[in-house]
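The block underneath contains the structure these notes are about, expressed in structure tokens.
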Amino acid sequence: MIATDEPGRNGLLVAGVDVGGTKTSVVVTDDRDRILYEHVLPTDPSSLVGQIVGLVEGARRQLRQDVTAVGVAIPGHVDPEDGSVSMAVNLGITHLPLGPMLQAELGVPIFVEHDARAAALWLSEQAADGSAQAPASVAFLAIGTGISAGVVLDGTLLRGDNSFAGEVGHIVADPDGVICACGLRGCLETIAAGPAIGRQADETIAAGRSTILSPHSSAADVFRASSLGDEVALEITDRVADHLARAIRSLVLTLGVKRVVVGGGVAAAGPALLEPIQSHIARERAVSPLVQAALGDATVELLSPTEAPVARGAAAIARHRIGLPDHRIGLPVREGVGER
Ligand SMILES: [Zn+2]
């Protein structure tokens with residue numbers, strides 16, 4: 001928990017909440033996007049609303065100042081107009097009117113957004129910060145309990161007519177693979193999301209392969225073992241990286257973005273994840289002039305684990321939606337409902 005006593009005025013404060021499959025965090029930011037408070041808890045899917053209310057009330061108490069609005073970023077199918085979330089398969093949510101429920105408890109405007117989209121918005125604004133240029137295009141690929149992408153294209157946050165834009169976790173990766181939480185077979189999530197990486201370790205252990213991994217290993221354990229040269233862990237890491245490289249290629253080819261940022265809990269593995277992804281991309285570039293031309297000088301970067309782009313993006317969305325002035329230089333990303 002961090003709470004700073006900033007001298008002078010901070011302007012009106014907003015809170016941003018990141019509801020993840022394993023962790024839920026809150027940040028409170030001022031009108032210059034400075035973090036005044038942050039706190040994180042393990043996600044309690046049985047009491048999601050109560051947990052978010054508790055986090056925001058804790059921030060209010062600690063800062064001895066109210067927040068003007070709250071942005072909540074959550075995976076699943078989000079309707080930013082009515083604040084509802086549906087089909088958040090990794091949180092066990094079928095349909096939840098999250099925004100109205102939180103507004104009734106907290107008494108301030110609540111704005112709900114898809115988690116990867118909130119992060120993409122914040123990353124794009126960061127890139128534009130300090131310049132008068134329009135925000136750059138960026139794709140944020142979140143790899144955690146699930147996988148999805150948030151995209152800002154030519155300065156506009158993409159939602160799509162169906163609000164499913166960026167749900168790359170459910171594109172087919174292995175037609176003969178295992179059944180996904182969404183009901184389909186062989187989605188990217190069944191290979192490269194955190195629980196899938198642990199499952200593949202268990203499968204190889206059950207098959208009697210020799211490895212330093214123990215049963216019920218996490219994705220982080222697998223990446224650690226691959227750094228130590230464990231054959232089984234290296235094979236799993238290579239397969240995961242191969243599929244993520246293909247997903248990144250698909251994002252670049254479909255959207256024309258030149259910047260892909262990889263984040264989420266699994267990305268905390270750092271170079272143990274990024275390096276094999278980069279080498280698969282380099283292989284694709286080497287064999288395909290088309291991929292080489294499309295990727296050009298595109299960058300694939302890992303987000304620092306110390307950043308909180310989802311919660312900060314949620315706070316930025318709350319700031320924009322209630323029309324608070326933004327005192328940073330640079331143009332805010334257009335994220336109005338219905339704009340694409
Ligand atoms: Zn799926």
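Everything numeric in this text was worked out from a predicted model, so none of it was measured. These values consider heavy atoms only, across backbone and side chains, with no hydrogens, waters or symmetry-generated copies. Whatever order the structure lists them in is the order used to number ligands and atoms, beginning at 1.
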Under 2.8 Å from the Zn ion (ligand 1), the protein N, O or S atoms found are H170 ND1, C180 SG, C182 SG, C187 SG

Presence of salt bridge, R209 and E231, under 4.0 angstrom: no

Please tell me if the side chains of W122 and E307 come closer than 4.5 Å, counting only heavy atoms from C-beta onward. yes

Heavy-atom pair with the smallest gap, counting every atom of P276 and P271: CD-O, 3.6 Å

Closest non-hydrogen atom pair, V151 against A120: N-CB, 3.8 Å

Would you mind writing out the side-chain donor-acceptor pairs for residues 194-201 within the sub-3.5 Å range, not counting sequence neighbours?
unit_1	atom_1	unit_2	atom_2	d
R199	NE	E203	OE2	2.9
R199	NH1	T190	O	2.9
R199	NH2	T190	O	3.1
Q200	OE1	R239	NH1	2.9
Q200	NE2	I191	O	2.8
Q200	NE2	A196	O	3.0

Less than 4.0 angstrom from a charged side-chain N to a carboxylate O is my criterion; do E113 and R321 meet it? no

